[in-house]
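Written below as structure tokens is the structure these notes are about.
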Amino acid sequence: MQFIDLAAQYQHLKQRIDKRIQSVLDHGNYIMGPEVEELELKLAEYVGVKHCITCANGTDALQLAMMVLEIKPGDVVFCPTFTFFATAEVVAYAGATPVFVDSDERTFNICPQDLERRIQQVIAEGKLTPKAIIVVDLFGLPANYPQLEVIANKYGLKLIEDAAQGFGGEINGKRAGSFGDIATTSFFPAKPLGCYGDGGAIFTNNDEYAALFRSYRVHGKGKDKYDNVRIGINSRLDTIQAAVLLEKLAVFPDELVSRNNAANTYSDALSTSYQVPFVPDGYLSSWAQYTLVSENRDGLIDLLKKSNIPAMVYYGTCMHQQTAFKSLGYTDSDFPVASSLCKKVFSLPMHGYLNFETLSNILNTLK
Ligand SMILES: *Cc1c(COP(=O)(O)O)cnc(C)c1O
């Protein structure tokens, strides 16, 4: 059994994907070929924003956001402690200070109350300048943007949505990738919409930001890439990956339905004996992960392993516990919710091609 069955998806799409890749091999426009622009237009339309700018991966997408917002030493960017390393890494890489925020107990996303408390703390200390918030749609569930937008506006902070896991999610019909000033996503193969290598994208309604992103991703280009008007990076999505993504995006809405059906099957069967994922009214998750909470996590993972069922831990280490962030001096008592979650969470197989037999097998083992 696969945790994320990319082979089953490929079998389903083989003809279409092979044909699309072949057509790139035929035209030979491997960098910034026509598929890249076609994909950007389709992604922007799907998400419901004015601009989509693709790039080499989800981490670069976040780094480019730091560059466009001119995040620098002395600045503070707030982000959740319960996330993948890249979210906080780009802040430190820009020379700024990440200030970590605890999780909401029910959604596991950034806790708006704790965020506001920490913003006020940084202002009161008066040493560093609060500039932005990076919010993560953890495990596919969009964060609480209605409240987060109010806080960002109140303190004059830029809001960045890290939708690496959230792509496909919604709040009252508004799609992930459309929240905040800038949103980013990742097409790493295991993400809800993945390619066959690394890939990423940025979404924004801001024309000025969009122009800057297009410049920064190609060496700070001006008229062309030999006219360099600012210091940028080289971060483009390969044409072959764009071709793969065009075919995968076409079936993505069907896969989302299938992922939600699988999640509902899990939750219906497990809610009496486990803490199952909470999805607030009006929210739709893309189910990047289906995550349970149990005091006996390690025992359950062993039990599943004995039945050849793969289970994973996302995340066993919070940002404040990472060696790379040791110098920030946090302790677990600063983040009681996240510090407890990282000891108890585990995720079950989740993808768009889980059949009844596989689901039954998993559920019978857990019950
Ligand atoms: C995967 C992920 C990233 C980074 O994406 P890459 O494409 O692997 O660079 C950033 N943030 C979150 C929350 C992620 O899950």
Side-chain angles (χ1 to χ4, degrees), residues 1-9 12-13 46-47 82 103-109 136-146 163-177 185 190-194 248-294 296-297 300-301 303-304 307-315 341 344-367:
M1 192 187 299
Q2 299 292 312
F3 186 68
I4 295 171
D5 200 341
L6 294 174
Q9 185 196 42
H12 184 68
L13 297 173
Y46 177 82
V47 165
F82 194 46
S103 312
D104 177 88
E105 271 175 50
R106 295 180 79 190
T107 64
F108 310 164
N109 276 325
V136 177
D137 301 331
L138 198 73
F139 304 150
L141 182 73
N144 188 345
Y145 292 101
Q165 302 176 21
F167 188 85
E170 294 178 9
I171 305 177
N172 297 321
K174 190 174 177 344
R175 288 210 163 113
T185 198
K191 307 286 180 178
L193 178 64
K248 289 211 195 185
L249 181 62
V251 297
F252 186 68
D254 295 336
E255 290 186 355
L256 260 185
V257 171
S258 169
R259 296 170 89 97
N260 272 279
N261 287 341
N264 290 337
T265 305
Y266 277 145
S267 288
D268 289 347
L270 298 172
S271 63
T272 48
S273 14
Y274 295 90
Q275 183 186 332
V276 299
F278 172 68
V279 180
D281 275 350
Y283 283 61
L284 181 77
S285 177
S286 62
W287 299 106
Q289 304 297 341
Y290 182 90
T291 301
L292 296 172
V293 182
S294 169
N296 180 29
R297 170 187 67 197
L300 287 164
I301 292 177
L303 178 83
L304 288 161
S307 306
N308 281 317
I309 299 166
M312 306 284 279
V313 173
Y314 298 110
Y315 292 95
L341 283 175
K344 297 181 195 162
V345 287
F346 68 109
S347 304
L348 300 180
M350 173 52 76
H351 52 85
Y353 301 83
L354 274 167
N355 57 34
F356 178 77
E357 199 188 323
T358 308
L359 284 169
S360 311
N361 180 3
I362 297 166
L363 290 172
N364 288 334
T365 308
L366 280 173
K367 281 211 267 184

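Partners of Leu284 by side chain to side chain contact (heavy atoms under 4.5 Å, CB included), not counting sequence neighbours, listed by chain and number: Glu170, Asn260.
To the nearest 0.5 Å, atom CE of residue Met312 and atom CE of residue Met350 are 15.0 Å apart. Rounding to the nearest 0.5 Å places CD of Glu255 at 10.0 Å from CG of Leu249. Separating the CD1 atom in Ile309 from the CG atom in Leu300 is a distance of 11.5 Å, to the nearest 0.5 Å. Atom OH in Tyr283 sits 9.5 Å away from atom CG in Asp137 (nearest 0.5 Å). To the nearest 0.5 Å, atom OG1 of residue Thr107 and atom CG of residue Leu138 are 8.5 Å apart.
Side-chain contact of Thr358 with Asn355: a donor-acceptor pair under 3.5 Å is present, judged by distance alone.
The shortest side-chain heavy-atom distance between Leu292 and Leu348 falls under the 4.5 Å cut-off. Side-chain contact between Leu270 and Leu366 is present, with at least one heavy-atom pair separated by less than 4.5 Å. No side-chain heavy atom of Tyr266 sits less than 4.5 Å from a side-chain heavy atom of Pro277. A 4.5 Å side-chain heavy-atom check between Phe167 and Val47 finds at least one atom pair inside the cut-off. Between Met1 and Asn361, the closest side-chain pair of non-hydrogen atoms falls below 4.5 Å. Between Thr185 and Lys191 there is no side-chain heavy-atom pair separated by less than 4.5 Å. Taking the side chain as every heavy atom from C-beta outward, Ile4 and Leu6 approach each other to under 4.5 Å. When side chains are defined from C-beta on, Leu256 does not count as touching Pro192, because their heavy atoms never get closer than 4.5 Å.
Looking only at distances, a side-chain donor or acceptor of Ser294 sits under 3.5 Å from a matching main-chain atom of Asn296. Under a 3.5 Å cut-off, the side chain of Lys248 and the backbone N or O of Gly194 do form a donor-acceptor pair. In terms of modelled atom types and a separation under 3.5 Å, the side chain of Ser258 and the main chain of Leu354 share no donor-acceptor contact. A donor-acceptor pair under 3.5 Å is absent between the side-chain atoms of Asp5 and the main chain of His351, judged by distance alone. Side-chain atoms of Tyr290 never come within 3.5 Å of backbone atoms of Ala262 as a donor-acceptor pair (strictly under, hydrogens ignored). A donor-acceptor pair is defined here as one N or O able to donate and one able to accept, closer than 3.5 Å; such a pair exists between the side chain of Arg259 and the backbone of Trp287.
Note on ring orientation: taking the six-membered ring where Trp is involved, the planes of His12 and Tyr353 are tilted (angle from 30° to 60°). The aromatic rings of Phe252 and Tyr46 sit perpendicular to each other, their planes meeting at more than 60°, with 30° as the lower class boundary.
Here the closest non-hydrogen pair linking Pro349 and Ile362 is CG-CD1, 3.9 Å.
Ring-centre distance between Phe108 and Tyr315: not below the 6.0 Å cut-off.
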